[in-house]
Amino acid sequence: MEAFNNTDREFLTRAKELHPNLSSNDLKFCAYLRLNLSSKEIAPLLNISVKSVEVRRSRLRKKLDLKRETKLTDYILSV
């Protein structure tokens, strides 16, 4: 997370401003998505299964209130 903060410090600030309801874990997950990591790559970093990563993705989509046609990763990259 520290390495990510050094590369794109403004992302977490913008994400928190746009979506104040995001928890620190949500922001951490967004950071991994912003690095364009796949579910298989994210799972060991968070010590969870790939299926759990997929569940997290869907819950994050709900929190961000994204439409079905909007890709989560594309949205995160645009923030």
Side-chain angles (χ1 to χ4, degrees):
M1 193 63 155
E2 187 177 326
F4 178 79
N5 283 335
N6 291 335
T7 58
D8 191 357
R9 296 172 190 211
E10 293 181 16
F11 167 70
L12 295 176
T13 305
R14 285 190 310 262
K16 193 67 173 167
E17 287 173 2
L18 290 171
H19 304 285
N21 61 333
L22 293 179
S23 68
S24 59
N25 283 334
D26 292 333
L27 290 171
K28 183 178 178 182
F29 189 68
C30 287
Y32 288 136
L33 292 174
R34 179 120 173 131
L35 293 172
N36 215 12
L37 298 177
S38 69
S39 295
K40 281 186 172 183
E41 293 168 324
I42 294 172
L45 295 172
L46 297 176
N47 250 359
I48 58 177
S49 70
V50 175
K51 178 68 177 167
S52 296
V53 173
E54 297 302 325
V55 170
R56 261 197 166 174
R57 281 179 182 266
S58 68
R59 289 182 181 158
L60 183 59
R61 289 180 62 78
K62 284 183 183 179
K63 277 189 175 183
L64 297 176
D65 197 27
L66 296 180
K67 296 180 181 176
R68 281 199 166 262
E69 56 271 2
T70 307
K71 291 185 177 183
L72 178 61
T73 305
D74 291 344
Y75 178 77
I76 295 296
L77 290 173
S78 72
V79 169

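- Residues that satisfy the side-chain contact (heavy atoms from CB on, under 4.5 Å) test with Ser52, not counting sequence neighbours, are Ile48, Ser49.
- Between Ile76 atom CD1 and Arg57 atom CZ the span is 9.5 Å, to the nearest 0.5 Å.
- Note that NZ of Lys16 is 10.5 Å distant from SG of Cys30, once rounded to the nearest 0.5 Å.
- Note that OH of Tyr75 is 12.5 Å distant from CG of Leu33, once rounded to the nearest 0.5 Å.
- Of all non-hydrogen atoms in Leu27 and Ala15, the two that sit nearest each other are CD2-CB, 4.0 Å.
- Here the side chain of Lys63 pairs no donor or acceptor atom with the backbone of Leu22 at under 3.5 angstrom.
- Looking at heavy atoms from C-beta onward, Ile42 lies out of side-chain contact with Arg56 at the 4.5 angstrom threshold.
- The distance from the CG atom of Leu12 to the CZ atom of Arg34 is 9.0 Å, given to the nearest 0.5 Å.
- For Val50, the side-chain contact (heavy atoms from CB on, under 4.5 Å) partners two or more places apart in sequence, or in a different chain, are Ser39, Lys40, Ala43.
- Heavy atoms from other residues, nucleotides or ligands lying under 6.0 Å from CZ of Arg59 number 12 at most.
- Every side-chain hydrogen bond (donor to acceptor under 3.5 Å, both in side chains) that Ser23 has, sequence neighbours left out, goes to Asp26.
- Shown here are the side-chain hydrogen bond (donor to acceptor under 3.5 Å, both in side chains) partners of Ser38, two or more places apart in sequence or in another chain: Glu41.
- Here the straight-line distance linking atom CG of Asn36 with atom CG of Asp74 works out to 9.0 Å at 0.5 Å rounding.
- Clustering ILVMFWY residues whenever any of their side-chain heavy atoms sit less than 4.5 angstrom apart, transitively, puts Leu46 in a cluster other than the one holding Val55.
- With sequence neighbours left out, the side-chain contact (heavy atoms from CB on, under 4.5 Å) criterion links Arg61 to Leu66, Leu72.
- Distance CZ/Phe29 to CG/Leu60: 6.5 Å, rounded to 0.5 Å.
- Thr70 is linked by a side-chain hydrogen bond (donor to acceptor under 3.5 Å, both in side chains) to nothing, counting only residues two or more places apart in sequence or in another chain.
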